[in-house]
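Everything numeric here is computed off the predicted structure, so don't read it as measured data. We name chains A, B, ... by the order of the sequence lines, and we start the count at 1 in each one.
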Amino acid sequence: MASSPALTSPAWLDGLNPPQRQAVLTTEGPVLILAGAGTGKTRALTARLAHILYSRLAWPSEVLAVTFTNKAAREMRHRMEMLVGEMAEGMPFLGTFHAIAARMLRRHAGLVGLDANFTILDTDDQLRLLKQVVAEAGLEEKRWPAKQLAGMIDRWKNRGELPTDVPPGESLSFGDGTPGTAGATLYARYQQRLAALNAADFGDLLLHMLTIFDQHPDVLAEWRKRFKYILVDEYQDTNSAQYRWLTLLAADRRNIACVGDDDQSIYSWRGAEVANILRFEKDFPGATVIKLEQNYRSTAPILAAANGLIAHNKGRIGKALFTGDTSAGEPIKVIGVWDGPEEARLVGDKAEQLARDGSSLNDMAILVRAQFQTRAFEDRFVSIGLPYKIVGGFRFYERAEIRDALAYLRIVASPNDALAFERIVNVPKRGLGDKAMGALHAQARRMDRPLPQAAASLVDTDELTPAARRSLKAFLADLARWREQAADLPHAELARVILEESGYVAMWQADKSVEADGRLENLIELTRAMADYPSLTAFLEHVSLVMDNDANDASEKLTIMTLHAAKGLEFDHVFLVGWEEGVFPSQRAMDEGGTKALEEERRLAYVGITRARRSATIIHAANRQIYGQWTAAIPSRFISEIPPAHVDVSSTMSGGPSLWRAALANSGAGGDPFGDVQRGTGRGPGWARAAQHGGFARDAGGGRLAANRTPAIEVRASAVSVGLKGRSDVAVGARVFHTKFGNGTVTAIDGNKLEIDFEHAGAKRVLDSFIEIVG
DNA sequence: TATATTAACGTTTTT
DNA sequence: CGTTAATATA
């Protein structure tokens, strides 16, 4: 049907505006699509793919479509399936940079000294290994943290630099100057260790491919021939290594389309180079540049606010979002509050109000700059029983019990996996501690063989204590038995057998800590998920690259997440909290990166505002507790950068902003809340400095000014002097019921707050007024 | 070897 | 203030 020149346009072009249409139809030659927030970027991208496939310009396997996150890849695959049906399933090269590079690397692993079944290390394994490398070099771990070296190596790999390419100055910024301790030397040693372990870290997946492309033109030619069309999403987030990988692959046909938004570049600290956008037209002369500027998401005031804010950045490509929707929207609300707890209270109230007015909690989000800000909201929402979810934190496969279970599976699947062996050889406790492991390592070095082989040779010598020898022998026998069983048991079943027989499940069953139950559930979930994969190795590949924990809970919840995590999402109502100097823009970012960092913070603010479909509420607090210290805070400069016409300013403090202005002047923190902002000098975080100048916390004047608002500080004071009266009918050990968390047991009482170990929700602190006593 | 105490530290985060 | 990691002790 696509081949006949129909009068009506094909289905995938329906409803596209002219630039979107151009983005879909310009299939030949390099294309740079600058797509602002909410301009239908993903829609155009998927339509472009559909167009290429339906017009028979290429087979699904001849298209390379890269994204950054698994979430984005899944989303694209999902939307492709809606457009082109089962054709999308045949797209083997739709995925993240890392997943695709890993798939390619498995095919050519031998060219960089790896086996095709190499293991992919996560950051935890990586750090463990680097600690060994640092220790071997004779460096003090305290003075030269492996974590710092990990960061440096990561940066180098992001730039596509091998140990020999590292700039000497950077190399010498690690190590004490004695030979063999420089950063690049340790980097080289780390690579040797990886090779010996038949392992690659995330950065290697791309870097090894670059090495292979450089040294084996035939391999590069093969891939160039294969990919007729290349498509890149979130292009502003590409790092140098990814850029090179892309340009190498695209060089022949030059059918590469990159979609990005320089104003949404918020990952430069992770190696992303916005400059890649500007480079594109240089490296691909004659590229078609298409701008998507019509926003289909937000109201006019929200867009005007976002445009006005981002206009303060220099060096933009320049883009202005507009909306076809002329119906007026409400202006952005800016609300000043007394402190963090009040901020949480206010947002809770507003969310409940919106919910009463018919909005779903799923359509609301609280966006924070940093993870520590989530706690205040969590505390508040727990006590008022408002359902919420916090996005971020540990991913499923990063949890200790999952990593342990995977290590068991890995050592069974690949007997020489030294890291897996080391991780679980004494988990659960088998009496093989530091001493026994030291002997094993020594033996491995002597034999120049992987640790598991050294273990096998050591059971028959008398180097270990009889107890340790017996224990190790039993463990190796277990491993051998499981490997035999692997042949005829389905892999999910095998996993259950291993976890059971190894005593790993028993270990958690015996654990009386609050997390134990959750961990056991996670293990069950793991074995359940395994069934979805054809083989153990397929599952292991998937889990190291792609698995994450989507909370599969359909109930309505208010989302709390970082601004970074919010990119690509949208909500009807967005709460932008903690807009204070030092918090947002983050002091640390500004201390480290100067103007460049400030601009990135501003882009973050832009991302935040443009998440909102209908309403955006910015909140700033006059006082905030950071690291347990009360600190006076000044409203973020970003607030004053939003065109006033689109802002509605208010304050929950009595007397409004003017009184607060007086309070600020009194406190010595200085500065007019809406005026220019003082720049801190000296060392340490800005907020800590401000506190030393005398914040509100210990300032009687500040307290008095707002006394009729019963600020949290006053409440705290009274809590100390009077003591918050808890109810007298609960005691530690009492069985209680909470409407949200269900049944639990009281583990501690602190005034009117109870610490309860809930059967399903885990340990929480809740107000005693929200619980009922059971039985 | 396992547990208790203390010191340090404290953005953003994907793969 | 709370958490985690490293160290001291039973």
Side-chain angles (χ1 to χ4, degrees), chain A residues 66-73 95-102 120-127 131 140-142 145-147 151 154 157-158 200-207 234 237-239 241-242 265-272 340 367-376 379 391-395 397-398 426 429-437 465 467-468 541-548 561-568 578 582-593 597 600-601 603-605 607-608 624-631 684-685 687-688 716 765:
Chain A
V66 268
T67 63
F68 271 83
T69 63
N70 293 307
K71 201 166 77 181
T96 63
F97 275 101
H98 291 87
I100 292 169
I120 298 167
L121 299 196
D122 60 25
T123 37
D124 212 68
D125 292 324
Q126 194 184 359
L127 207 60
K131 273 186 181 156
E140 225 186 307
E141 162 78 27
K142 269 212 162 140
K147 220 172 167 179
D154 208 45
K157 288 188 175 175
N158 283 341
D201 65 20
F202 285 118
D204 282 340
L205 298 175
L206 272 145
L207 195 56
E234 302 285 13
D237 289 337
T238 47
N239 61 37
Q242 290 159 340
S265 162
I266 55 176
Y267 284 109
S268 74
W269 50 274
R270 217 172 64 190
L367 306 185
V368 298
R369 173 69 239 278
Q371 211 71 53
F372 74 84
Q373 294 170 265
T374 59
R375 179 172 295 150
D379 286 351
V391 174
F394 269 104
R395 268 156 291 286
Y397 65 86
E398 282 173 349
N426 201 32
K429 297 273 185 291
R430 295 188 176 90
L432 299 165
D434 287 348
K435 229 174 116 202
M437 288 314 289
T465 62
E541 170 83 2
H542 174 84
V543 88
S544 55
L545 282 171
V546 193
M547 197 140 157
D548 49 17
M561 64 176 137
T562 63
L563 288 157
H564 283 92
K567 194 173 72 159
V583 176
F584 187 44
S586 145
Q587 190 63 46
R588 184 148 165 194
M590 293 187 321
D591 286 349
E592 278 169 22
E600 181 145 322
E601 296 285 298
R603 290 194 290 270
L604 208 43
V607 167
R624 200 169 283 279
Q625 202 177 18
I626 290 162
Y627 305 146
Q629 281 261 308
W630 279 101
T631 302
W687 50 68
R716 291 172 77 85
R765 281 171 72 86

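Looking at heavy-atom distances under 4.0 Å, A/Gly203 makes no contact with the nucleic acid at all. Residue-level contact check: A/Leu206 touches neither bases nor backbone, having no heavy atom under 4.0 Å from any strand.
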Run the numbers on A/Gln371 and A/Thr562 for side-chain contact (heavy atoms from CB on, under 4.5 Å), then give the verdict. CA-CA 7 Å; A/Gln371 211 71 53; A/Thr562 63; 3.6 Å; yes
Apply side-chain contact (heavy atoms from CB on, under 4.5 Å) to the pair A/Ile626 and A/Val583, showing each step before the final yes or no. CA-CA 10 Å; A/Ile626 290 162; A/Val583 176; 4.2 Å; yes
Return the polar atom pairs (N/O with N/O) between nucleotides 7-14 of chain B and the protein under 3.5 Å, or none.
residue : atom : partner  : partner atom : Å
B/dT12  : OP1  : A/Gln371 : N            : 2.8
B/dT12  : O4'  : A/Arg369 : NH2          : 3.4
B/dT12  : O2   : A/Trp269 : NE1          : 3.3
B/dT12  : O2   : A/Arg369 : NH2          : 2.6
B/dT13  : OP1  : A/Thr562 : OG1          : 2.3
B/dT14  : OP1  : A/Arg395 : NH1          : 3.1
B/dT14  : OP2  : A/Arg395 : NH1          : 2.8
B/dT14  : OP2  : A/Arg395 : NH2          : 3.0
B/dT14  : O4'  : A/Arg270 : NH1          : 3.2
B/dT14  : O2   : A/Arg270 : NE           : 3.4

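Classification of the A/Tyr267-A/His564 ring pair by plane angle, with boundaries at 30° and 60°, yields tilted.
Annotation: side-chain contact (heavy atoms from CB on, under 4.5 Å) contacts of A/Ala468 (sequence neighbours excluded): A/Leu432, A/Leu464, A/Thr465. Residues satisfying the side chain to side chain donor-acceptor pair (under 3.5 Å) criterion with A/Gln373, sequence neighbours excluded, are absent altogether.
Only the C1' atoms considered, B/dT11 is 24 Å distant from C/dA6, to the nearest whole Å. Rounded to whole Å, the separation between the P atoms of B/dT13 and C/dG2 comes to 22 Å.
Between A/His542 atom NE2 and B/dT15 atom P the separation is 11 Å, expressed in whole Å.
Among A/Thr67, A/Thr238, A/Leu205, A/Asp237, the one residue that satisfies the side-chain contact (heavy atoms from CB on, under 4.5 Å) test with A/Phe97 is A/Thr238.
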